[in-house]
Asker: 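Would you mind keeping the following structure in view while I ask a few things?
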There are 2 protein chains.
Amino acid sequence: MKSNSQLSLALHLLLHMADMEEPVTSGLLASAMNTNPVVIRRLMGGLREHGIVQSRKGHHGGWTLSRPLAELTLRDVYLALGGGPLLSLTHRTQNPDCLIEQAVNETLDGAFRDAEALLLARFADLSLAALQSRIHAAIHSPAHLCA
Amino acid sequence: MKSNSQLSLALHLLLHMADMEEPVTSGLLASAMNTNPVVIRRLMGGLREHGIVQSRKGHHGGWTLSRPLAELTLRDVYLALGGGPLLSLTHRTQNPDCLIEQAVNETLDGAFRDAEALLLARFADLSLAALQSRIHAAIHSPAHLCA
DNA sequence: ATTTCATGTAACTTTTATAGTTACATGAAA
DNA sequence: TTTCATGTAACTATAAAAGTTACATGAAAT
């Protein structure tokens, strides 16, 4: 399984942006995340389409949050990123003729659905504000943050 | 994410083997699964090391189940295959210096652990015999099985 | 107006995990 | 001693995610 770290990256970005007064450029975010500005733009583009962030071009342009972190859950972010697969296990054949394989698929699907539903419910219960206060509880200075 | 279908394949194989009296060769299983014998051997090798199947070389050799399906759960099979990652979401950085990213990782981990635990518990509750009876309930002839 | 800065986006390359293939060694039965 | 089947290493193919390059678009500053 080649894994997906977009949600992790998006949460990290959004929490950093919450500390900023001015719009932040993709370049600045990219160097803090040790990646390329285009990676940031692609990811943020998805969030913008779902009303989570806004962008502005030109001088003093960049990205800003479009709502308070209290009104944003991990589920919102996950869905804004496209809501891709949560589990790394898949069926070997999608619509098999073999009845045995059909039963295997159905049985696995049942378990998968439950696990995915639990994870999504947990995501829905976690606001970015809750995450932020968890951070502020641990540290009261701006030290130990990304460059 | 490039996904992992080994569990799906293993279950399909084991359930077909349950219908066989004689040892089945990797070649036969491979053509039923539309894949290569070596793929079958690699997967079955893992199961053999965990006492789920046995192998015999030479004439009339092949693979046989080493215990009844009632004593085999999906969890057993999953673990015998190496117990790889269940979720496709990962952290962007494994041990980040940034406190924000640490908090993101910890928060995600909490949700991930719960979802994985649920899935494993569901796997532990499902025996291959239960899966088999689910199949026999649907069909009483050997039709609609793999070639 | 025109220069500068920043996003928007398409096309391409790199990386990495899974799956599939080839080739050959090992060992058991006929 | 031949045949059949597993055991395994090394290699190739496929696909998804991430990163990169190049350039178009548009807004602000001069």
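These numbers come from a predicted model, not from an experiment.
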Asker: How close or far is atom C1' of C/dA11 from atom CG of A/Asn36, stated in whole angstroms?
Answerer: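 These atoms are roughly 14 Å apart.
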Asker: So does A/Asn95 get a backbone contact from the side chain of A/Asn105, meaning a donor-acceptor N/O pair under 3.5 Å?
Answerer: no
Asker: Can you list the steps and then say if A/Leu118 with B/Leu119 is a side-chain contact (heavy atoms from CB on, under 4.5 Å)?
Answerer: CA-CA 10 Å; A/Leu118 176 68; B/Leu119 190 55; over 6 Å; no
Asker: Tell me whether B/Arg92 contacts the main-chain N or O of A/His12 through its side chain, where contact means a donor paired with an acceptor under 3.5 Å.
Answerer: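 Here the side-chain-to-backbone pair does not exist.
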Asker: Let me confirm one number: the CD-CG distance from A/Gln102 to A/Asp109, rounded to the nearest 0.5 Å.
Answerer: 12.0 Å
Asker: Taking only the side-chain heavy atoms of B/Val38 (C-beta and beyond), determine which of D/dT20, C/dG20, D/dA9 contains the nearest atom.
Answerer: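 Selected nucleotide (nearest to the side chain): D/dA9.
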Asker: B/Leu47 CG to D/dT6 P: how many Å, rounded?
Answerer: 14 Å
Asker: In this structure, how many angstroms lie between the C1' atom of C/dG20 and the CE atom of B/Met33, rounded?
Answerer: 16 Å
Asker: What's the closest nucleotide to the side chain of A/Thr25 if the choices are D/dT6, C/dT7, C/dA19?
Answerer: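 The listed nucleotide nearest to A/Thr25's side chain is C/dT7.
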Asker: Examine distances only and state if a side-chain atom of A/Ser66 and a backbone atom of A/Ile52 form a donor-acceptor pair shorter than 3.5 Å.
Answerer: yes
Asker: Whole angstrom is fine here: how far is it from CD in B/Gln94 over to C1' in C/dT16?
Answerer: 16 Å
Asker: Below the 4.0 Å mark, does C/dT7 have OP1 or OP2 next to a side-chain nitrogen or oxygen of A/Arg41?
Answerer: yes
Asker: What does the 5'-to-3' dot-bracket notation of DNA chain C look like when only Watson-Crick and G-U wobble pairs under 3.5 Å count, and pairs to other strands show as |?
Answerer: ||||||||||||||||||||||||||||||
Asker: Examine B/Leu65 and B/Leu29 and state if one hydrophobic cluster contains both, with Ile, Leu, Val, Met, Phe, Trp and Tyr joined whenever side-chain heavy atoms are less than 4.5 Å apart.
Answerer: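 Same hydrophobic cluster.
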Asker: Rounded to the nearest 0.5 Å, what separation is found between the CZ atom of B/Phe112 and the NE2 atom of B/His91?
Answerer: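 Nearest 0.5 Å value for the CZ-NE2 distance: 6.5 Å.
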Asker: Whole angstroms only, please: what is the CG-C1' distance between A/Leu9 and D/dG19?
Answerer: 12 Å
Asker: Please report the distance, rounded to the nearest Å, between CG in A/Asn4 and P in D/dA15.
Answerer: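 Going from CG in A/Asn4 over to P in D/dA15 covers 19 Å.
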Asker: Answer yes or no: does a side-chain N or O of B/Thr35 lie under 4.0 Å from OP1 or OP2 of C/dG20?
Answerer: yes
Asker: Looking only at non-hydrogen atoms, find the nearest pair between B/Leu69 and B/Ala18 and report the distance.
Answerer: CD1-CB, 3.5 Å
Asker: Please output the side-chain donor-acceptor pairs of residues 74-81 of chain B that fall under 3.5 Å, not counting sequence neighbours, one pair per line with the distance.
Answerer:
from    : atom 1 : to      : atom 2 : distance (Å)
B/Asp76 : OD2    : B/Thr73 : N      : 2.9
B/Asp76 : OD2    : B/Thr73 : OG1    : 3.2
B/Tyr78 : OH     : B/Gly83 : O      : 3.2
B/Tyr78 : OH     : B/Gly84 : O      : 2.4

Asker: Looking at B/Arg92, does any N or O in its side chain come under 4.0 Å of the phosphate oxygens OP1/OP2 on D/dG19?
Answerer: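 Affirmative; the distance criterion is met.
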Asker: Just how far, in rounded Å, is C1' of D/dC4 from CG of B/Leu29?
Answerer: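 Checked: the CG to C1' distance equals 16 Å.
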Asker: In whole Å, I'd like the distance from the CD atom of B/Gln6 to the P atom of C/dG20.
Answerer: 10 Å
Asker: Which residues in residues 48-64 of chain A have at least one heavy atom lying under 4.0 Å from any atom of DNA chain D?
Answerer: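 When residues 48-64 of chain A is checked for heavy atoms under 4.0 Å from DNA chain D, the hits, listed by number, are A/Lys57, A/Gly58, A/His59, A/His60.
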